[in-house]
There are 2 protein chains.
Amino acid sequence: MIADPAARQEIPDATVARLPQYLRALSDLADRGILSVSSEELAASAGVRSAKLRRDLSHLGSYGVRGVGYGVEMLAHEITRELGLARDWPVAIIGVGHLGHALASYVDLTTQGFQVVALLDRDCELIGQVIAGMVVGSVDDLERIVIERGVAIGVIATPAQPAQKLCDRLVAVGVRSVLNFAPCALSVPEGVDVRKVDLSTELQILAFHQQRKSPAGHRRTPLLEVAP
Amino acid sequence: MIADPAARQEIPDATVARLPQYLRALSDLADRGILSVSSEELAASAGVRSAKLRRDLSHLGSYGVRGVGYGVEMLAHEITRELGLARDWPVAIIGVGHLGHALASYVDLTTQGFQVVALLDRDCELIGQVIAGMVVGSVDDLERIVIERGVAIGVIATPAQPAQKLCDRLVAVGVRSVLNFAPCALSVPEGVDVRKVDLSTELQILAFHQQRKSPAGHRRTPLLEVAP
DNA sequence: GCGACTTTGTGTACGCGTTCACAAACATCT
DNA sequence: AGATGTTTGTGAACGCGTACACAAAGTCGC
Ligand SMILES: NC(=O)c1ccc[n+]([C@@H]2O[C@H](COP(=O)([O-])OP(=O)(O)OC[C@H]3O[C@@H](n4cnc5c(N)ncnc54)[C@H](O)[C@@H]3O)[C@@H](O)[C@H]2O)c1
Ligand SMILES: NC(=O)c1ccc[n+]([C@@H]2O[C@H](COP(=O)([O-])OP(=O)(O)OC[C@H]3O[C@@H](n4cnc5c(N)ncnc54)[C@H](O)[C@@H]3O)[C@@H](O)[C@H]2O)c1
């Protein structure tokens, strides 16, 4: 009984990773009252090439009109549905330090298909405190809270050391999606998705390219470079 | 016997993106007093396959010893040099809200080739306050501060709306590496690198896969799948 | 010194994603 | 209705990154 074409065929990972950008661009257009948009315009808003955008959207189906473009509202709705944001996903944040605090206060989430339903920490000073309108719970109650509140996505914002064990505990009680901010690789069984966000890595990649730009040394003024 | 060619040939982007992971794994090994490591072991620590690791390292040169493995200290040093982390890169953080605050307090950075030399915000309440041992400056002084302190990397942690303009101002005074936390695409001239970190995008990607896992309907995770 | 064993570095094949370029499809105007 | 113009959706070619498999190169034991 699949009413929707949600199970049409596999959507490439690279495409899935860009759908959120398209969705955000579409939301901006909708806010400005724009009803229709061409692939050229939408691609520019999202920072990609139009051919790539059209190829991506073609994986969702034919939602455009030749000679006109895409209906903003309709396309936004389709992407929302495809990404599974029609309902709210219950999210738990483990580790309410600097980063966890920022994440908990990130209201943008609540308007985009997610709801933070649990904040957990080990620190007795934090447990019981109210942060972003939610009481911090004890990490000792992780299993009970995750089950009770139907947590679908776990966010790990603790130091690296306890991350693997916390991840194991989440997986053991049914969490199959984990977002990891700790600077370490997590190993999970088949069927569990882990995505990692690592500020240090991003900066180091920038540093690599920056070094290539100014190979000589500490000079700040850009010198002419030999471009082959 | 190959010389010491830092500018040997182009290192693939995909490889560069993994070098930080290898470096972190090597640091852990070094802390545990391990002197030598095989590609199999190091790959496991970093969460990749050994063939991929060896291919990646081969782009840096031949730093392994057949039949033995790689010298931990030596390889860490080589990667550090290749990434340009031998010196400290001056970093400016624009926007000292929840996220900017967390970033400023992220001490891990200072031990890894970066130094936060400026915190800038627009909010008069924040300007003048000391956060993570640094006085918050006014974003009005962005140009002066960036030049005076030799900022090489700019981190944008403001809302999306002012992000493009702030980026333009950074680029105008010589910043050629930008890390963007605002949920929007930044357009920059040739020669400037922008990397984006987007929590919402990551969660939405997880939601997509999560939806595919539980296609049936609105059932919460059935109460516990017990493995005695 | 020599054979057995270990591990690297890489030739090669393959699959995925991107890009180009264009015919098909639709709207609009006369 | 037909001509004209615009934009989508996609076949096809290309390039990059990954995975396999193994010869080369080293160590270790005797
Ligand atoms: N601060 C940043 O900007 C930033 C950026 C990227 C990544 N990170 C990473 O995110 C993680 C958190 O960073 P942070 O700055 O918030 O650190 P933090 O020290 O401020 O917060 C860590 C929190 O985790 C809690 N914690 C520790 N062990 C725990 C356990 N076993 N169970 C539950 N909670 C536990 C601590 O009580 C603390 O509240 C670190 O791994 C860090 O490397 C931080
Ligand atoms: N909080 C999170 O966990 C999180 C996660 C991912 C992305 N983000 C993004 O990071 C950005 C910041 O998030 P936040 O939670 O820290 O928001 P915030 O509102 O707490 O902080 C924003 C800060 O930027 C400052 N600011 C606004 N306009 C400015 C300008 N023109 N120049 C200088 N400073 C200016 C504000 O004064 C404020 O201090 C947002 O774009 C948000 O979408 C936040």
Q: Sequence neighbours excluded, which residues qualify as salt bridge (Lys or Arg N to Asp or Glu O under 4.0 Å) partners of A:E143?
A: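 Applying salt bridge (Lys or Arg N to Asp or Glu O under 4.0 Å) to A:E143 gives A:R169.
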Q: Which residue pairs pass the salt bridge (charged side-chain N to carboxylate O under 4.0 Å, His left out) test when at least one of the two sits in residues 58-72 of chain B, sequence neighbours left out?
A: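 Matches after skipping sequence neighbours: none remain.
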Q: What is the distance, to the nearest angstrom, from the CG atom on A:L57 to the P atom on D:dT7?
A: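 So the two atoms are 16 Å apart, to the nearest Å.
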Q: How far does CG of A:L83 sit from CZ of B:F208, to the nearest 0.5 angstrom?
A: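 Interatomic distance, A:L83 CG to B:F208 CZ, rounded to 0.5 Å: 7.5 Å.
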Q: Using the salt bridge (Lys or Arg N to Asp or Glu O under 4.0 Å) criterion, which residues pair with A:K52? Sequence neighbours excluded.
A: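 Applying salt bridge (Lys or Arg N to Asp or Glu O under 4.0 Å) to A:K52 gives none.
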Q: What does the B/S/- profile of nucleotides 23-30 of chain D look like, 5' to 3', with a 4.0 Å heavy-atom cutoff to protein?
A: -BBSS---
Q: What pairs with B:S39 under side chain to side chain donor-acceptor pair (under 3.5 Å), at least two apart in sequence or on another chain?
A: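 Side chain to side chain donor-acceptor pair (under 3.5 Å) list for B:S39, sorted by chain: B:R54.
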Q: Taking all heavy atoms of A:T158 and all of A:G95, pick out the closest pair and write down the distance.
A: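 Smallest interatomic distance, heavy atoms only, reads CG2-CA, 3.7 Å.
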Q: Considering residues at least two apart in sequence or located in another chain, which fulfil the salt bridge (Lys or Arg N to Asp or Glu O under 4.0 Å) criterion with B:E73?
A: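 Salt bridge (Lys or Arg N to Asp or Glu O under 4.0 Å) list for B:E73, sorted by chain: empty.
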Q: Check the distance between D:dT10's C1' and A:Y63's OH and give it to me in whole angstrom.
A: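 After rounding, the gap between these two atoms is 18 Å.
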Q: Can you list the residues that meet the salt bridge (Lys or Arg N to Asp or Glu O under 4.0 Å) rule with B:D193, with sequence neighbours excluded?
A: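 Salt bridge (Lys or Arg N to Asp or Glu O under 4.0 Å) check on B:D193 returns A:K213.
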Q: Please answer whether the main-chain N or O of B:I153 pairs with a side-chain N or O of A:Q210 as donor and acceptor at a distance below 3.5 Å.
A: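 Checked: no pair found.
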Q: Considering residues, nucleotides and ligands other than A:H209, do more than 12 of their heavy atoms fall under 6.0 Å from its NE2?
A: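 Yes, NE2 of A:H209 has more than 12 neighbouring heavy atoms, counting only those of other groups under 6.0 Å.
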Q: Can you tell me the distance, in whole Å, between the NZ atom of B:K52 and the P atom of D:dA21?
A: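 From B:K52 NZ to D:dA21 P: 17 Å.
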Q: Roughly how many Å is it from CZ in A:R54 to C1' in D:dT7, rounded to a whole number?
A: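 In whole Å, D:dT7 C1' and A:R54 CZ are 8 Å from each other.
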Q: Enumerate the protein-to-nucleotides 11-13 of chain D contacts in which both atoms are nitrogen or oxygen and the separation is below 3.5 Å.
A:
unit_1: D:dG11; atom_1: N7; unit_2: A:R55; atom_2: NH2; d: 3.4
unit_1: D:dG11; atom_1: O6; unit_2: A:R55; atom_2: NH2; d: 2.6
unit_1: D:dA12; atom_1: N6; unit_2: A:R55; atom_2: NH2; d: 2.9

Q: In residues 22-43 of chain A, which ones come under 4.0 Å of DNA chain C, going by heavy atoms?
A: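 Those residues whose heavy atoms fall under 4.0 Å from DNA chain C, taken from residues 22-43 of chain A, amount to none.
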Q: Going 5' to 3' along DNA chain C, which nucleotides are the first and last within contact of chain A (any atom under 4.0 Å from a heavy atom)?
A: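 The contact span of chain A on DNA chain C goes from C:dG17 to C:dA27.
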Q: Looking at B:G84, is its backbone amide N or carbonyl O close enough to the side chain of B:W89 to form a donor-acceptor pair, meaning the two atoms are under 3.5 Å apart?
A: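 At least one qualifying donor-acceptor pair exists.
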Q: In residues 41-48 of chain B, what donor-acceptor pairs under 3.5 Å come from side-chain atoms, sequence neighbours left out?
A:
unit_1: B:E41; atom_1: OE1; unit_2: B:S38; atom_2: N; d: 3.0
unit_1: B:E41; atom_1: OE1; unit_2: B:S38; atom_2: OG; d: 3.4
unit_1: B:S45; atom_1: OG; unit_2: B:E41; atom_2: O; d: 3.2

Q: If you look only at distance, which donor and acceptor atoms sit under 3.5 Å apart when one is on a side chain in residues 11-22 of chain B and the other is two or more places apart or in another chain?
A:
unit_1: B:T15; atom_1: OG1; unit_2: B:D56; atom_2: OD1; d: 2.6
unit_1: B:R18; atom_1: NE; unit_2: B:Y22; atom_2: OH; d: 3.4
unit_1: B:R18; atom_1: NE; unit_2: B:D56; atom_2: OD2; d: 2.7
unit_1: B:R18; atom_1: NH2; unit_2: B:D56; atom_2: OD1; d: 3.0
unit_1: B:R18; atom_1: NH2; unit_2: B:D56; atom_2: OD2; d: 3.3
unit_1: B:Q21; atom_1: NE2; unit_2: A:T201; atom_2: OG1; d: 3.1
unit_1: B:Y22; atom_1: OH; unit_2: B:D56; atom_2: OD2; d: 2.6

